[in-house]
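What you see below is based on every heavy atom in this structure, not just the backbone, and it leaves out hydrogens, waters and symmetry mates. Just so it is clear: chains get the letters A, B, ... in the order the sequence lines come, proteins before strands, and each one is counted from 1.
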Amino acid sequence: MLKDLFKPKPKYVTIKRPEERGIQPGQPEKKELPDGLWVKCNNCRQIIYHKDLEGNLKVCPKCNYHFRLRARERIAYLFDADSVQESNPGLISKNPLGFPEYEEKIEKARKKTGLNEGVVTGVAKVQNIPCVFSVMDFGFMGGSMGSVVGEKISRAFEYAAKHNLPVVSVTAGGGGARMQEGIISLMQMAKTCQALNRLHEKKIFYLSILTDPTMGGVFASFASLGDIVIAEPGALIGFAGPRVIEQTIRQTLPAGFQRSEFLLEHGIIDMIVERKNLRETVARLLRFHQTEEVSREEVSADA
Amino acid sequence: MRNGNSYSMDFEKPLRELERQIKEIELFAKEKEIDMSEEIARLQAKEEALKKKIYSELTRWQKVQIARHPKRPTFLEFVEMIFTGFLELHGDRLFRDDPAMIGGLAYLDEIPVTVVGQQKGRDTKENIYRNFGMPHPEGYRKALRLMKQAAKFGRPIISLIDVVGAYPGIEAEERGQGEAVARSIMEMAALEPPIIAVLTGEGGSGGALGIGVGDRILMLEHAYYSVISPEGCASILWKNATAAPQAVEALRVTAKDLLELQVIDEIIPEPLGGAHHDPEKTAQAIKEALIRYLTPLLEYPAGRLLAERYEKYRKIGFFEEIEQPEGNI
Ligand SMILES: [Zn+2]
């Protein structure tokens with residue numbers, strides 16, 4: 001039954017640039033970034049002119065705080081204009097456990113984000129270098145990983161292995177595995193991780209970019225396993241949630257605990273890259289790992 | 001002896017009451033030197049019937065309580081009863097030896113195997129030493145080191161899982177708990193020998209899956225396996241950890257649930273009341289299942305095992321595909 005649902009051949013839909021869809025690239029989500037002329041920075045509490053924030057990749061011009069991005073915004077910031085083709089946009093969740101209020105939560109998340117699920121995958125180019133991408137959206141149930149997220153990411157990895165394309169993954173999964181799908185969500189960790197072995201076998205480059213927040217089952221699976229792991233400044237990244245740790249050890253956690261800078265200091269990530277330099281860094285790393293095979297590979301909708 | 005006598009499970013209270021009555025009557029009969037064997041036999045029959053009734057109607061939460069029972073056999077006790085010649089190997093070669101995770105060499109009947117698993121303490125002192133069976137990153141790295149060693153020598157791997165969760169602490173985060181668990185999951189998926197995992201008690205999320213990827217996943221009747229701790233789920237959904245009984249109903253964490261969801265391959269029955277009532281019998285049931293599953297896997301031609309293992313996890317997921325109108329994103 002499940003097998004019938006699995007379609008190995010991905011379908012592609014061209015994603016229009018945000019401008020073409022009649023919205024600004026950085027159109028804010030009300031709850032996370034209040035709409036209007038002015039925005040208060042979550043970090044320095046200063047008032048920022050909305051357009052200044054948009055013009056600065058949603059990074060506070062005063063304190064360098066990196067606001068969270070929607071998947072579409074991230075894609076618009078990171079990949080070449082008109083190079084983005086989304087795969088499997090029509091995969092939607094079921095409620096395998098009959099978990100209370102799960103359908104309602106999904107429906108709310110779909111309305112809020114305009115996405116069918118918490119990750120957008122596909123093929124794109126960064127400074128003309130083709131890659132497979134996977135970008136999570138924290139706005140969709142906290143970027144948690146259920147069946148659909150696990151499936152889309154696994155398909156993306158498998159597609160990359162088949163077509164010799166490097167992978168760029170951007171994670172923002174605050175809660176990790178999605179509680180509402182119970183053990184099925186936990187198994188998505190195994191499903192996504194095992195697909196990485198295929199990239200390894202074919203010596204394909206996998207770049208993992210961790211953004212605020214990347215926790216739990218997302219961090220404890222594919223997000224941690226990049227050949228190179230990058231984090232944006234100040235992102236909350238870790239296995240256990242800070243509140244769980246505080247309750248366990250009955251201590252207040254030190255300042256900066258589980259932030260990108262803490263992870264860099266402890267040898268868990270390769271580097272911290274500011275958003276304004278991210279595109280250039282990704283392109284540089286992709287270029288460095290480019291093989292002839294990859295550069296010859298044609299990336300097309302029917303690939 | 002463990003401090004298990006103080007561990008009370010509400011649903012067993014009627015049984016405890018009946019046991020107390022029987023003891024009282026026995027004592028009374030002895031003191032007064034009167035024959036009350038008929039009355040005692042009647043109560044004992046009642047006790048047996050009540051036991052069967054209680055243990056056949058266990059709720060999910062009651063099963064979780066049995067899985068957490070302080071007298072439930074731990075990893076080392078199971079290893080002693082299931083395998084012969086167990087030789088413990090220590091250390092991750094990077095930081096230290098994690099007492100919460102144990103690994104070593106043993107024979108399953110005549111088959112040399114590598115065994116790994118989390119070790120809970122059998123009393124307060126040992127629990128502190130074992131960190132209540134919650135491994136740090138070095139625990140997962142030790143287990144992975146030993147499993148890779150097994151792969152080098154073509155030895156099957158047996159994983160016995162009983163963990164409330166990978167340890168949530170400052171040092172665990174500093175040393176990369178997420179990466180340690182993730183890497184173990186990824187590499188287990190590609191290890192060449194057969195891997196059989198048995199959930200013997202608690203299956204606490206990533207801390208369980210970190211040594212839980214395999215060709216066959218078996219589960220003791222009263223073990224549970226969950227993406228989040230029942231209390232954690234309850235705090236999020238009901239804003240109160242005491243709603244854990246409702247949480248496990250929603251999460252569906254029992255062996256029966258997982259068999260229905262096709263996440264596990266078989267439920268290993270436990271003695272009436274749980275494994276702690278007859279550890280030896282439980283261990284023999286595990287051993288029988290291990291041999292039964294392992295024997296055919298040993299005959300698999302190279303490649304088939306890994307392909308089937310991949311497919312096993314690849315197909316887990318519930319979703320549907322809708323037509324996505326172009327541009328509507
Ligand atoms: Zn600021």
Requested in this report: Below 4.5 Å from any heavy atom of chain A, which atoms of Val181(B) appear? Answer side chain, backbone, both or neither.
Outcome: both
Query raised in the report: Does a donor on one side chain and an acceptor on the other come within less than 3.5 Å for Arg178(A) and Ser185(A)?
Result: no
Query raised in the report: So do the side chains of Tyr225(B) and Leu209(B) get within less than 4.5 Å of each other, counting heavy atoms only?
Result: yes
Query raised in the report: When the ring centroid of Phe219(A) is compared with that of Phe239(A), is the distance short of 6.0 Å?
Result: no
Query raised in the report: Who among Gly206(B), Ser205(B), Gly176(B) has the most heavy-atom pairs with chain A under 4.5 Å?
Result: Ser205(B)
Query - Region of Ile170(B) that comes under 4.5 Å of a non-hydrogen atom in chain A - result: both
Query raised in the report: Is the NZ or CZ atom of Arg198(A) both under 6.0 Å from the centre of the six-membered ring of Tyr310(B) and within 45° of that ring's axis?
Result: yes
Requested in this report: Take the angle between the ring planes of Phe257(A) and Phe262(A) and call it parallel below 30°, perpendicular above 60°, tilted in between.
Outcome: perpendicular
Query - Modelled atom types, side-chain donor and acceptor of Asn127(B) and Thr124(B), under 3.5 Å - result: no
Query - Side chain proximity check, Leu91(A) to Asn116(A), heavy atoms < 4.5 angstrom - result: no
Query raised in the report: What part of Ala208(B) lies closer than 4.5 angstrom to a heavy atom of chain A: side chain, backbone, both or neither?
Result: neither
**Report entry** chain A interface, residue from Gly169(B), Gly232(B), Ala180(B) that has the most non-hydrogen pairs under 4.5 Å
**Finding:** Gly169(B)
Query raised in the report: Highest number of heavy-atom pairs under 4.5 Å with chain B: which of Val148(A), Leu225(A), Val244(A), Val229(A)?
Result: Leu225(A)
Requested in this report: Answer yes if the ring centres of Tyr206(A) and Phe157(A) are under 6.0 angstrom apart, and no otherwise.
Outcome: yes
Report summary line: Expected contact set for residues 208-215 of chain A against chain B at heavy-atom separation under 4.5 Å reads none
Query - Heavy-atom proximity to chain A below 4.5 Å, by part of Ile228(B) - result: side chain
Requested in this report: Count the heavy-atom pairs under 4.5 Å between each of Gln194(A), Lys191(A), His266(A) and chain B, then report the option with the highest count.
Outcome: Gln194(A)
Report summary line: Turns out that what part of Ser226(B) lies under 4.5 Å from chain A's heavy atoms comes down to backbone
